[in-house]
Asker: 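Supplied in structure tokens, the structure appears directly below.
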Amino acid sequence: MDITHYYIEKGHGETIIMLHGNGGKSRYFKHQIDVFAQKYHVYAIDTRGQGNTPRGVKPFTILQFAEDLLDFMNEHNIEKANILGFSDGGNVAMTFAIKYPERVNRLILNGANLNPRGVKYSEQIPIEIKYVFAKILSWCSSNQKKKAELLGLMVKEPNISADDLKAIQAKTLVIVGTNDIIREKHSGFIVANLNHSEFEIIEGDHFVALRNPEEFNKRVMTFLSE
């Protein structure tokens, strides 16, 4: 492996791995780590090229992040884990569960999407405009190059089909905010095409784990212990 992940580890018991969103870091889950560590062995990971984890030389794609997660689990002797993914982290978690279903116990997808069309136009169009400008300026600025890579993930990925979802064996909770950037209909479509799933809409926007942690934590903990 060409990188070593930065991560926060806390607690004991059954493993739960937390994956942040685009351009974020493990501390996004600051309201979840201590709470979940009371019952679970928590790993909150900084994804490749984000937070304190180096970029490395491998492709900067959702699929590569899923492969990185497999390497991380193997390095830490984690045979099977609950995985909580937010936004792009949810897309990584979904991709991982499709490719390695035997390594996932329960799956929590918070604000995930199958493709860029799952994002509301009012949110997606500005992202695409920013991506074009960052791409143009990337030849003369390392910061713009990094920005273009991150925005490119939201413009070009993920590309998951309804048929792909059938490979997921884990019981799954799809959880979004009442004012999420992900279309409610799109989240419902994900739920409808999973074998064992639950759908929860809680008060808040895309960042419900950060801004409405009490309700978010309660719902996720209940799902994990059912």
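Starting from 1, each residue takes its place in the sequence as its number.
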Asker: Is it true that D34 and Q38 share a donor-acceptor pair across their side chains at a distance under 3.5 Å?
Answerer: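 There is no such pair (donor and acceptor under 3.5 Å, judged by atom type) between the side chains of Q38 and D34.
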Asker: Any luck finding a side-chain donor-acceptor pair between Y131 and K156 under 3.5 Å?
Answerer: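 Note: Y131 and K156 side chains meet the donor-acceptor criterion.
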Asker: Sub-3.5 Å donor-acceptor pair from the side chain of D2 to the main-chain atoms of V57, do we have one?
Answerer: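 Answer holds: yes.
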Asker: Would one find more than 12 heavy atoms of other residues, nucleotides or ligands at under 6.0 Å from atom NZ of K166?
Answerer: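 For K166, atom NZ is crowded (more than 12 foreign heavy atoms under 6.0 Å).
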Asker: For atom CD of E203, decide whether the heavy atoms of other residues, nucleotides or ligands shown that lie under 6.0 angstrom number more than 12.
Answerer: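 Not buried by this count: 12 neighbours or fewer within 6.0 Å.
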Asker: What closest approach, in Å, do N91 and P158 show between heavy atoms, and which atom pair accounts for it?
Answerer: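 Heavy-atom minimum between the residues: ND2-CD, 3.6 Å.
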Asker: What is the ring orientation for H41 with H12, classed by angle as parallel under 30°, tilted 30 to 60°, or perpendicular over 60°?
Answerer: tilted
Asker: Return the CG to CG distance between L84 and L19, rounded to the nearest 0.5 Å.
Answerer: 7.5 Å
Asker: Counting only heavy atoms not in K25 (residues, nucleotides, ligands), do more than 12 fall under 6.0 Å from its NZ?
Answerer: no
Asker: Assess the residue pair Y28 and M18 against the criterion (side-chain contact (heavy atoms from CB on, under 4.5 Å)); give the C-alpha distance rounded to whole Å, side-chain angles, the decisive distance to 0.1 Å, and a yes or no.
Answerer: CA-CA 10 Å; Y28 172 79; M18 300 180 179; over 6 Å; no
Asker: Can you establish whether the number of heavy atoms outside K130 located under 6.0 Å from its atom NZ is more than 12?
Answerer: no
Asker: Can you name the closest pair of heavy atoms from G21 and S87 and give their distance?
Answerer: CA-CB, 4.1 Å
Asker: Is the closest side-chain donor-acceptor distance between E14 and Y40 under 3.5 Å?
Answerer: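 No, no side-chain donor-acceptor pair sits under 3.5 Å.
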Asker: For residues 103-113, pull every pair meeting salt bridge (charged side-chain N to carboxylate O under 4.0 Å, His left out), keeping only residues two or more places apart or in separate chains.
Answerer: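 Checked against salt bridge (charged side-chain N to carboxylate O under 4.0 Å, His left out) - neighbours excluded - no pair reaches residues 103-113.
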Asker: Using residues 182-189 as the side-chain source, report each donor-acceptor pair under 3.5 Å to any protein atom, sequence neighbours left out, with the distance given to one decimal.
Answerer:
from: R183; atom 1: NE; to: R117; atom 2: O; distance (Å): 3.1
from: H186; atom 1: NE2; to: L114; atom 2: N; distance (Å): 2.9

Asker: Would you find a donor on one side and an acceptor on the other, under 3.5 Å apart, between the side chain of D46 and the backbone of S26?
Answerer: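 The answer is yes, because a donor-acceptor pair under 3.5 Å joins these two groups.
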Asker: Taking all non-hydrogen atoms of both residues into account, name the closest pair between I45 and H20 and its distance.
Answerer: O-CD2, 3.1 Å
Asker: Identify the residue among F216, F207, F29 that makes a ring-ring contact (aromatic ring centres under 6.0 Å, His included) with F86.
Answerer: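 Filter result, single survivor: F207.
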Asker: Looking at D71 and D68, would you say the former's side chain and the latter's main chain have a donor-acceptor pair under 3.5 Å?
Answerer: no
Asker: Quick one about Q169 and H196 (side-chain donor to acceptor, distance below 3.5 Å, no hydrogens or angles considered), yes or no?
Answerer: no
Asker: Do you know the tightest heavy-atom contact between L173 and E200?
Answerer: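 Shortest heavy-atom separation between L173 and E200 comes out as CD1-CB, 4.0 Å.
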Asker: How close do G23 and L150 get, counting heavy atoms only, and between which atoms?
Answerer: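 So the minimum-distance heavy-atom pair works out to N-CD2, 3.8 Å.
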Asker: Has N217 got a side-chain atom pairing as donor or acceptor with H31's backbone, closer than 3.5 angstrom?
Answerer: yes
Asker: Are there more than 12 heavy atoms of other residues, nucleotides or ligands under 6.0 Å from atom NZ of K80?
Answerer: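 Count over threshold, so yes.
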Asker: Say whether Y7 and I78 are linked into one hydrophobic cluster, either directly or through other cluster members, by side-chain heavy-atom distances under 4.5 angstrom.
Answerer: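 Yes, Y7 and I78 fall within the same hydrophobic cluster.
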Asker: Quick one: do L63 and K99 satisfy side-chain contact (heavy atoms from CB on, under 4.5 Å)? Show the steps, please.
Answerer: CA-CA 9 Å; L63 179 58; K99 194 164 185 187; 4.1 Å; yes
Asker: For D88 versus M154, what's the shortest heavy-atom pair and its separation?
Answerer: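 Minimum heavy-atom separation between D88 and M154: OD2-CG, 4.3 Å.
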Asker: Just to verify, which of I83, V191, L194, N195 counts as forming a side chain to side chain contact (heavy atoms under 4.5 Å, CB included) with T172?
Answerer: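 The residue from I83, V191, L194, N195 that satisfies side chain to side chain contact (heavy atoms under 4.5 Å, CB included) with T172 turns out to be L194.
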Asker: What's the verdict on side-chain contact (heavy atoms from CB on, under 4.5 Å) for M94 and L165, showing C-alpha distance, side-chain angles and the deciding distance?
Answerer: CA-CA 8 Å; M94 195 161 27; L165 293 177; 3.7 Å; yes
Asker: Going through the distances and angles, do I127 and Q124 end up as a side-chain contact (heavy atoms from CB on, under 4.5 Å)?
Answerer: CA-CA 5 Å; I127 290 170; Q124 185 65 18; 4.1 Å; yes
Asker: Taking the side chain as everything from C-beta on, heavy atoms only, tell me whether K39 gets closer than 4.5 Å to L224.
Answerer: no
Asker: Count the heavy atoms belonging to other residues, nucleotides or ligands that lie under 6.0 Å from CD of E226, then report whether that count exceeds 12.
Answerer: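 More than 12 within 6.0 Å, yes.
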